[in-house]
Number of protein chains: 2
Amino acid sequence: MSATPHPHPEDGPIAKTPRRSKRRIATEEKLIQAVGALLREGGVDALGVNAVDREAGVDKVLIYRYFDGLEGLLTRYSESVDFWPSIDEILGPDREVLADPDPQRVAGRIMANYARAIRSRPVTVQLLAWECNERNALTIAVEDVRERWATQLNEEMLRAGLPLTPQFGVLAALFTSAIHYLAIRSRSIQRFGGVDVGSDAGWDAMIETMERAFGAFYPPDTPSSPS
Amino acid sequence: MSATPHPHPEDGPIAKTPRRSKRRIATEEKLIQAVGALLREGGVDALGVNAVDREAGVDKVLIYRYFDGLEGLLTRYSESVDFWPSIDEILGPDREVLADPDPQRVAGRIMANYARAIRSRPVTVQLLAWECNERNALTIAVEDVRERWATQLNEEMLRAGLPLTPQFGVLAALFTSAIHYLAIRSRSIQRFGGVDVGSDAGWDAMIETMERAFGAFYPPDTPSSPS
DNA sequence: CAAAAAAGTCACCATGCGGTGACTTTTTCC
DNA sequence: GGAAAAAGTCACCGCATGGTGACTTTTTTG
């Protein structure tokens, strides 16, 4: 009682001692990891303040003290995880995919790599699904990242001298959409429109079809390669 | 008032006096309509027992008495609404779309009609979005209807002698997926991958691209039509 | 008209949620 | 060592939810 606070009226330098850290960092990490865990197992509606602290084993009040609420925690989480594949993962470390002279094959490979990258990230798929119904710190973050990512990818392709027609872009957007949708749906259904979305074979067939479809937009001076 | 319907107590067949009706039917209708209204305005998580009765202006206990809970009410609702476009809406009342000799154009028209049909049904789009995250009476119902619908459409196309290769089916599934995804996302974003998913012009461009892509799967005896 | 069954109303419960204030323990710094 | 600030704990609030029992009103039936 009678604990009169006592900010000295005269401390020279600003922000002298940050007065934080040690255990706190560990606790913050626990919270962030808990978000990932819930996102992985539970799903989307399981992610609440109470659920997160339960998972992390810490008190929920810390979520408010450290992150100023769930939104802040989600933002922090979004910065700490690689939702999105790197450009390297799509084009190869040395952009070897772009080295192929056949633009149709290039497009096919990009789609194949993209589909594989998405499918191998359950949390990303979860987020893509969440995006369909809600809009919060996490979905906004993933939107941001994706936009910058797409721009960067586009630049790389332009730099490589790939003949990018507007229709090429539209078709790529359509196939990207399809990949997102089928990755989402494949978690709860096995087939969609006769295609086996639960097996690699089904996805291989889709990729093959995509590649061939790209052929409709390039003059056939390069004969269709054998599959 | 006092318009006693007066079912004679002795008419041959069974089901003497069902002992129900009148106001009840009206109340049931109110509940069902309330589900639609909530689905239309609110969204997905707004749909609970309390919200429904509030919207309908009746007591929630009736949901349990009449429909045995929310699930039952959703099932009833799903039977009372045309989530899905009719085959006529896609192929034309006289299957005129199938009459076109150019299979590429047929495919394009089907996709165009399908996209328009989906986009004009906000509740269906809402349900498609819901499907991405949950599984309940409504989403199962819509899944069922869609499956039967796809089968029927396929039969119609076969009957019309359309050359349906396996790859055609895969490409159709991909474009259908893309339409679903972009219809869902267009509620909260304006552009996707450079395509304007919020305007008819954007969708027209997509349809055009789809039609042209189908051309990659048919021998080019029909020269590509001018855009 | 009167009795029975249905339709509709009201009050209530347990539970889980997001969020906050006040407390105790640990760490930091002089 | 000792004081202050931080980290961490505990109990609590208001609110909305899904769900149920008991009541009153209306309608149907004899």
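We name chains A, B, ... by the order of the sequence lines, and we start the count at 1 in each one. Model, not experiment: these values are computed from the prediction.
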Which residue in the set Val52(B), Thr27(B), Ile63(B) passes side chain to side chain contact (heavy atoms under 4.5 Å, CB included) when paired with Val58(B)?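 One option only clears the test, and that one is Thr27(B).
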I need the Leu91(A) CG to Asp88(A) CG distance, nearest 0.5 Å.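 Leu91(A) CG to Asp88(A) CG: 8.0 Å, rounded to 0.5 Å.
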Is Arg191(A) salt-bridged to Glu147(B), going by a charged N under 4.0 Å from an acidic O?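 Salt bridge between Arg191(A) and Glu147(B), a charged N being under 4.0 Å from a carboxylate O: no.
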To the nearest Å, give me how far apart [atom1] ([X]) and [atom2] ([N]) are.
| X | N | atom1 | atom2 | result |
| --- | --- | --- | --- | --- |
| Glu55(B) | dT17(D) | CD | C1' | 18 Å |
| Ile63(A) | dG8(D) | CD1 | P | 13 Å |
| Asp45(B) | dA16(D) | CG | C1' | 14 Å |
| Ile25(A) | dT27(C) | CD1 | P | 14 Å |
| Arg23(A) | dT27(C) | CZ | P | 5 Å |
| Asp53(A) | dA7(D) | CG | C1' | 16 Å |

DNA chain C: stems of at least 3 consecutive Watson-Crick or G-U pairs whose donor-acceptor distances fall under 3.5 Å: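 Runs of three or more consecutive pairs: C:1-30 with D:1-30.
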Please list, chain by chain and in numerical order, all residues satisfying side-chain hydrogen bond (donor to acceptor under 3.5 Å, both in side chains) with Asn113(A), sequence neighbours excluded.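 For Asn113(A), the residues satisfying side-chain hydrogen bond (donor to acceptor under 3.5 Å, both in side chains) (neighbours in sequence not counted) are Arg116(A).
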For Asn154(A), give me all partners under side-chain hydrogen bond (donor to acceptor under 3.5 Å, both in side chains), at least two apart in sequence or on another chain.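 By the side-chain hydrogen bond (donor to acceptor under 3.5 Å, both in side chains) rule, Asn154(A) matches no residue at all.
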Please state whether the phosphate of [N], meaning OP1 or OP2, lies under 4.0 angstrom from any side-chain nitrogen or oxygen of [X].
| X | N | result |
| --- | --- | --- |
| Arg24(A) | dA7(D) | yes |
| Thr27(A) | dA7(D) | no |
| Tyr66(A) | dA6(D) | no |

What pair of heavy atoms forms the shortest contact from Lys60(B) to Val49(B), and how long is it?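 So the two residues come closest at CB-CG1, 3.7 Å.
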For Tyr114(A), all residues meeting ring pair (Phe, Tyr, Trp, His ring centres under 6.0 Å), sequence neighbours excluded: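 Testing Tyr114(A) for ring pair (Phe, Tyr, Trp, His ring centres under 6.0 Å), a comparison that skips the adjacent residues, returns Trp149(A), His180(A).
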Let me have a per-nucleotide readout for nucleotides 14-21 of chain C, 5' to 3', with B, S or -, counting only protein heavy atoms under 4.0 Å. ---SBBBB
Passes side-chain contact (heavy atoms from CB on, under 4.5 Å), Asp53(A) versus Leu62(A)? Steps please. CA-CA 9 Å; Asp53(A) 69 37; Leu62(A) 301 181; over 6 Å; no
My understanding is that only residues two or more places apart in sequence, or in another chain, count here; which of them pass salt bridge (charged side-chain N to carboxylate O under 4.0 Å, His left out) with Arg146(A)?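 By the salt bridge (charged side-chain N to carboxylate O under 4.0 Å, His left out) rule, Arg146(A) matches Glu131(A).
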